[in-house]
Amino acid sequence: MTAPILYYWAPCETCSVVTSFAAEHGIELDKRDVEQEAPYQELLALGGDADLIPYLSADGQLIQGNDAVIAYLTEHCL
């Protein structure tokens, strides 16, 4: 299984909720910091908004927000 892609910003306290949850539960994520141009452009191409991070790209879905991302990770990765 390919690791879900997390679009986030490293200093973002909101994003740290998801990264901490994944780390605590041993969930591997392909983390892409939208402060860098390439991940930023990828997120825009997927229809995301860098002002509304975090986003998780998994199973052809783009999931936005801590609650939705954690719900997805809980259901599919634990």
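Not measured: the values here are computed from a predicted model.
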key: Residue list, side-chain hydrogen bond (donor to acceptor under 3.5 Å, both in side chains) with Y7, at least two apart or on another chain   =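 side-chain hydrogen bond (donor to acceptor under 3.5 Å, both in side chains) list for Y7, sorted by chain: E42.
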
L43 side, atom CG; L62 side, atom CG - distance, nearest 0.5 Å =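 Rounded to the nearest 0.5 Å, the CG-CG separation comes out at 6.5 Å.
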
[X]: partners by side chain to side chain contact (heavy atoms under 4.5 Å, CB included), with sequence neighbours left out:
X   : answer
E75 : none
N66 : T14, V17, V18, P54
E28 : A3

Kindly indicate whether the side chain of [X], heavy atoms from C-beta on, has any atom under 4.5 Å from the side chain of [Y].
X   : Y   : value
P4  : C77 : yes
E35 : Y40 : no
Y55 : L6  : no

Among the clusters formed by ILVMFWY side chains lying less than 4.5 Å apart, do [X] and [Y] turn up in the same one?
X   : Y   : value
Y8  : I27 : yes
L73 : I63 : yes
V34 : L46 : yes

query = Which pair of non-hydrogen atoms, one from W9 and one from C15, has the smallest distance, and what is that distance?
reply =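 In this case the closest contact between W9 and C15 is N-SG, 3.7 Å.
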
inquiry  = Quick check: closest heavy atoms across L52 and Q64, and the distance to 0.1 Å?
reply    =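 Minimum heavy-atom separation between L52 and Q64: O-NE2, 2.7 Å.
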
query = Please, which pairs that meet ring-ring contact (aromatic ring centres under 6.0 Å, His included) have at least one residue in residues 11-33, sequence neighbours excluded?
reply =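 As it turns out, the ring-ring contact (aromatic ring centres under 6.0 Å, His included) pairs with a partner in residues 11-33, which skip direct neighbours, are F21-H25.
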
request  = Report the residues that fulfil salt bridge (Lys or Arg N to Asp or Glu O under 4.0 Å) with D30, sequence neighbours left out, ordered by chain and then residue number.
outcome  =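 Checked D30 against salt bridge (Lys or Arg N to Asp or Glu O under 4.0 Å); matches are R32.
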
